[in-house]
Amino acid sequence: MTRTSTPHRESTTATIQGNTIQGKTIQGKEVPESWKTLEHGIRVGRYTDPEFLQLEFDRLWTKVWQVAARVDAVPEPNDFITYEIGDQSVFIVRVDENTVKAYHNVCPHRGTALAEGQGTFPGGHIICPFHGWRWNTEGDNQYILAREEFRGGKLCNSDVALKSLPCVVYAGFVFINFDKDCPSFDDFIAPVKSLMDDLNLKEMRHYWWKSISIPSNWKVAEEAFFETYHVPATHPQLEVKAAEFIFGDEINGEFENYNHHNVDYQTYANGHGRFYAGRATNYQGKVTSQLPGQDPVDAMADRLQLLVDGMDAQVLQEDVDLLRTLKGQPIPEGSSLGGEYIRVLYENAAAKDRPMPKAIPEIIAMWGGEIFLFPNVMILPQAGNAMIYRVRPHESDPHQCTFEIFSTRSLPAAVKPERAEPVFVTDGNDPEQMYQVPRQDLGNLQRIQKGLRSKAIKQIWLASHHEKIILGLHQEIDRFLMDE
Ligand code: FES
Ligand SMILES: [Fe+2]
């Protein structure tokens with residue numbers, strides 16, 4: 001396919017070209033060689049040095065808009081969930097149907113964390129477990145035992161109010177920022193907003209959510225999901241012919257005709273990015289059967305079934321069942337198998353009053369692709385479904401992170417969404433706990449991190465096209481870390 005581009009969405013500002021930090025300083029000092037972002041590669045100290053991790057906490061995580069929760073983790077008034085990043089803890093609480101707030105998770109009396117995990121504040125009373133001070137969900141203090149003993153009996157409400165953070169609900173996410181003087185959320189999200197709006201991400205509801213500790217740097221983990229270049233080797237079941245070429249006995253020539261080779265990548269201002277397959281996605285009916293003479297509906301359905309069985313996300317069983325109803329039916333003139341599949345999906349959704357993405361070519365081209373929200377969220381949308389990843393650094397160890405997978409879908413109007421709660425995975429290699437496709441992806445991460453500690457590697461190499469989003473990530477991180 002010819003790669004398409006949409007110039008109006010291209011990055012216009014914020015990325016620094018070339019050797020991004022040449023001549024730049026950090027805290028007045030020259031940037032160490034091992035921390036440099038190069039146009040063709042990333043120096044490995046960025047993945048392994050504890051000092052670099054600390055700098056990320058000091059200059060990135062304290063300044064950037066970040067996803068603290070999915071809104072369906074707090075569906076009812078007084079529901080709360082905590083969010084931890086580095087050594088900072090915040091809790092998100094739903095005040096009423098239209099208001100969600102974020103507070104630093106600390107009691108102003110003697111510092112006790114007010115919330116743990118996820119739950120509901122009964123009656124909207126936030127009560128400190130140590131001495132029983134109490135607040136409402138607006139953050140106003142409502143009770144202090146022996147109040148007259150504090151500050152000579154002149155304690156002001158503002159002395160003891162909970163400290164809120166900037167907080168915005170958008171597209172089903174609760175975004176927060178630790179910096180009171182942060183740039184506006186609207187500016188932050190602007191480069192990808194129209195895509196996210198047209199994908200109708202605000203309608204996605206909890207299906208399942210898993211959380212796992214991973215022995216790799218947080219950027220190593222997310223970069224494993226920034227390209228489809230890894231698909232033939234890591235997910236051979238999804239690229240049988242290309243995988244045979246990689247792993248088979250007869251190796252000669254170049255095999256470039258694999259599905260994922262057609263993927264296009266874009267980077268945007270503020271570090272965001274996306275990839276998408278455009279017209280080559282098999283939702284457009286471009287299906288190459290793995291078996292000679294196979295019925296095209298079977299070929300397409302068998303391929304999508306691999307995603308249902310391998311992830312239970314993005315494509316769900318009911319989607320494949322609908323596709324199979326097309327078997328044996330003639331394709332009307334001017335349509336295609338992909339077109340007919342989209343037709344039955346949308347007819348079925350309309351009959352159930354279930355919200356769907358906008359059915360326009362640019363949005364359908366995003367099915368099977370990904371939107372990367374800087375610094376750490378990836379959204380993989382489909383027809384009324386989306387898989388979402390979030391990665392967070394470990395508080396002190398650059399070789400560890402927390403990886404979460406949210407499988408979401410829109411629901412018929414009559415179905416009440418369930419409250420989202422995480423399942424904590426104890427063994428990512430256990431097929432009972434983790435589906436095949438993420439097991440394959442996550443299985444690489446420990447090996448990558450191990451390799452990055454080798455004395456024989458100074459930098460990783462980046463493909464200019466397939467690994468463009470990785471470069472964009474590091475360039476934007478540098479924009480936060482480096483001195484002005
Ligand atoms: S520490 Fe919270 S009431 Fe004392
Ligand atoms: Fe993968």
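For the numbers below, each heavy atom of this structure counts, side chains included, while hydrogens, waters and symmetry mates do not. For ligands, and for the atoms within them, numbers begin at 1 and follow the listed sequence.
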Measure the acute angle between the ring planes of Trp135 and Trp133, then classify it against the limits of 30° and 60° as parallel, tilted or perpendicular.
-> tilted
Is the shortest distance from a Lys or Arg side-chain nitrogen in Lys193 or Asp198 to a carboxylate oxygen in the other one below 4.0 Å?
-> no
With Glu467 via side-chain hydrogen bond (donor to acceptor under 3.5 Å, both in side chains) - residues at least two apart = none
Ignoring hydrogens and angles, tell me if any N or O in the side chain of Tyr103 forms a donor-acceptor pair with the backbone of Thr137 under 3.5 Å.
-> yes
Work out how many protein N, O or S atoms lie closer to the Fe ion (ligand 2) than 2.8 Å.
-> 4
Test side-chain hydrogen bond (donor to acceptor under 3.5 Å, both in side chains) on Ser407 and Tyr435 and set out the steps.
-> CA-CA 12 Å; Ser407 183; Tyr435 290 102; over 6 Å; no
Under 2.8 Å from atom 4 (Fe) of ligand 1, how many protein N, O or S atoms can be found?
-> 2
Can you spot which of Glu222, Glu56, Glu404, Glu84 makes a salt bridge (charged side-chain N to carboxylate O under 4.0 Å, His left out) with Arg392?
-> Glu404
Think Arg94 forms a cation-pi with Phe80, using NZ or CZ under 6.0 Å from the six-ring centre and within 45 degrees of its axis?
-> no
Residue set satisfying salt bridge (charged side-chain N to carboxylate O under 4.0 Å, His left out) with Glu370, at least two apart, ordered chain then number -> none
Do the rings of Tyr170 and Phe175 sit parallel, tilted or perpendicular, given the 30° and 60° boundaries?
-> tilted
